[in-house]
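Protein chains get the first letters and strands the later ones, always in sequence-line order, with residue 1 at the start of each.
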Number of protein chains: 2
Amino acid sequence: MAAQASGRTGETRPGGEEPVAAEDRHAGCDSWRSVAPDAARRLLIAAVEAFAERGFHATTTRDIAGRAGMSPAALYIHYKTKEELLHRISQVGHERSLSLLRDAAAGRGGPSDRLAAAVGAFGRWHAEQHTTARVVQYELSALSPDHYAEIVALRRRTEAVVRDLVEEGVRAGEFEVLDARATALAMLSLCLDVARWYRPGGRRTPEEIGDFYADLALRMVLAPRATGRH
Amino acid sequence: MAAQASGRTGETRPGGEEPVAAEDRHAGCDSWRSVAPDAARRLLIAAVEAFAERGFHATTTRDIAGRAGMSPAALYIHYKTKEELLHRISQVGHERSLSLLRDAAAGRGGPSDRLAAAVGAFGRWHAEQHTTARVVQYELSALSPDHYAEIVALRRRTEAVVRDLVEEGVRAGEFEVLDARATALAMLSLCLDVARWYRPGGRRTPEEIGDFYADLALRMVLAPRATGRH
DNA sequence: GCTGTTGCTAAGCGCGTGCTCAGGGCCCCG
DNA sequence: CGGGGCCCTGAGCACGCGCTTAGCAACAGC
């Protein structure tokens, strides 16, 4: 991990018109391989991009269909409503990030190693898949009550993975924390927020961001050295 | 600060219909004392509540006017557009949180004390004023390009305050960080995210949240103890 | 060649949106 | 009582929204 690199903050317009980088688009498409007919997948990818740029409510079905190279009516052959698109995106995104987190948390090593791996993987995903992650993290409130409840269950399981890791480290005597639940939530906050500020081509690669956040997570749970406070 | 309190996570519907707590409503009103005619202030407070619950694009001008006890047309006597309401909210909110942060950062003590005070105050504000903060942090993209640029300038100044504090601590030999800018951003991420998950009446008071995050911020910058990693 | 199925489009319906405008009640000054 | 300024309302306009419907081209099976 490089130290103290210089560079711009790069806070640019989230809903701007800058073209999507090729790297970005490629990474985005790969995650949706499981979605069945080709036209349905193209619509889903178009919806992810549109929702990420403008938000769910500011995106029109005409915009989504246009990005997918289709007429507005084509959308309704593959999806019942605009909300169903959001639900599918949210579902697949949450399941993917949860499984990444679980795999890392179930790896080899002690609590420190596994916590670092989990936070690193979760943070890295939010950078690499920042377009999807933005929709997944910040458009929840547009879901129908039923779909919202379903997604919240996935989120609770995500929180539980990190919380369990922290508690395990405390029991093993490796970690010292004031509040395991709140500490776990703070780690998730760090990673989620990557989706808000990350821009491709910035100072840091997704991998560097993951590594940096893994280090921060360890600092949060390891007992601090005696400080210079008076 | 209490350790390891038990309780529910409390992730409830952001756009739900639960009535606003009295404590909440009171705290919200106090911050807008500077807004001039009484009717304009009532409209602003109504807009904050509506935007926080449903988001800018899902909120109608009829809804805002209704909450303020007025007809839809009354809104346009005090504000040119719906976007102007969002701009005023964003402006006042950013200025308020920036000035809180600056006051704490300019206080007495060494870098550790001032960093803890700054992060504590900033985190606490995002809990106390979570309704305003939600609009301020998550509805930026609905601003017009001019207004957006103005607000981004305020945000950069906010980032600079924390970054300068971290760099000062590094120069003083109190802190050890891999990347001062990224560390400062992480601290802000923690605090901003409070606006997303905080619910009044939860496990923690705003003050406890601020204190907890101040402690986390110090852990992030103080060199970690030798770890148990192999 | 005929029919059924699949995947799409052109056209458009009904509605709710942001916003406008003519006018009316109320208060202060004479 | 008259006149003017300040707030506010009732009614409604133009538009763009989510979504529907009728129909068409392509193709497979027989």
Side-chain angles (χ1 to χ4, degrees), chain A residues 15 17 32 35-90 135 139-148, chain B residues 15 17 32 35-90 135 139-148:
Chain A
E17 282 89 29
W32 304 105
V35 178
D38 182 70
R41 181 170 49 251
R42 268 158 48 220
L43 283 165
L44 233 164
I45 292 167
V48 169
E49 290 173 4
F51 293 162
E53 276 178 26
R54 308 200 210 297
F56 177 82
H57 288 293
T59 297
T60 68
T61 54
R62 287 160 175 77
D63 182 17
I64 297 169
R67 283 171 191 253
M70 295 164 142
S71 80
L75 197 152
Y76 293 91
I77 294 162
H78 301 282
Y79 301 95
K80 277 208 294 283
T81 63
K82 189 173 94 164
E83 192 267 350
E84 190 186 331
L85 271 165
L86 177 63
H87 176 230
R88 280 288 212 290
I89 293 164
S90 210
V135 179
E139 302 294 333
L140 287 190
S141 63
L143 288 168
S144 74
D146 283 359
H147 289 162
Y148 182 80
Chain B
E17 281 90 31
W32 304 105
V35 179
D38 181 70
R41 180 172 48 251
R42 267 159 49 220
L43 283 164
L44 235 168
I45 292 167
V48 169
E49 290 173 4
F51 292 162
E53 276 179 25
R54 310 201 208 297
F56 176 81
H57 289 293
T59 297
T60 68
T61 54
R62 286 171 235 276
D63 182 17
I64 298 168
R67 283 171 191 253
M70 296 166 141
S71 80
L75 197 152
Y76 294 92
I77 294 163
H78 301 281
Y79 301 95
K80 276 209 295 283
T81 62
K82 188 173 95 165
E83 192 269 348
E84 190 186 330
L85 271 165
L86 177 62
H87 176 228
R88 281 288 213 288
I89 292 164
S90 209
V135 179
E139 302 295 332
L140 287 190
S141 63
L143 289 168
S144 74
D146 283 0
H147 289 162
Y148 182 79

Legend entry - Under 4.0 Å protein heavy-atom contact, by nucleotide of nucleotides 15-21 of chain D - B base, S sugar-phosphate only: --BBBBB

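Residues L85(B) and I64(B) approach most closely at CD1-CD1, 4.1 Å, considering heavy atoms. Nearest heavy atoms, Y148(B) versus L140(B): CD1-O, 3.5 Å. In this structure, T61(A) and L75(A) approach most closely via the heavy-atom pair O-CD1, 3.8 Å.
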Inset, instruction - Tell me, with the steps shown, if R54(A) and D63(A) meet side chain to side chain contact (heavy atoms under 4.5 Å, CB included). - result: CA-CA 11 Å; R54(A) 308 200 210 297; D63(A) 182 17; 3.3 Å; yes

Inset, instruction - Just do the side chain to side chain contact (heavy atoms under 4.5 Å, CB included) check on F56(A) and L143(A) with the steps written out, would you? - result: CA-CA 10 Å; F56(A) 177 82; L143(A) 288 168; over 6 Å; no

Inset, instruction - List the steps, then state whether side chain to side chain contact (heavy atoms under 4.5 Å, CB included) holds for I45(B) with V48(B). - result: CA-CA 5 Å; I45(B) 292 167; V48(B) 169; 5.6 Å; no

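Atom pair M70(B):CE and dT9(D):C1' shows a separation of 11 Å (rounding to whole Å applied). Counting to the nearest Å, the P atom of dT6(C) and the CG atom of D38(A) are 18 Å from each other. At whole-Å resolution of the value, CD1 in I77(B) and P in dC19(C) are 15 Å apart. Per the geometry, NE2 belonging to H78(B) stands 13 Å off P belonging to dC6(D), to the nearest Å.
The side-chain contact (heavy atoms from CB on, under 4.5 Å) search around P37(A) returns A40(A), H78(A), not counting sequence neighbours.
In summary, the aromatic rings of H147(B) and H87(B) are positioned with their centroids under 6.0 Å apart.
For the helix from dG1(C)-dC30(D) to dG30(C)-dC1(D), the rotation axes defined at the first and last 5 base pairs enclose an angle of 10°, given to the nearest 10°.
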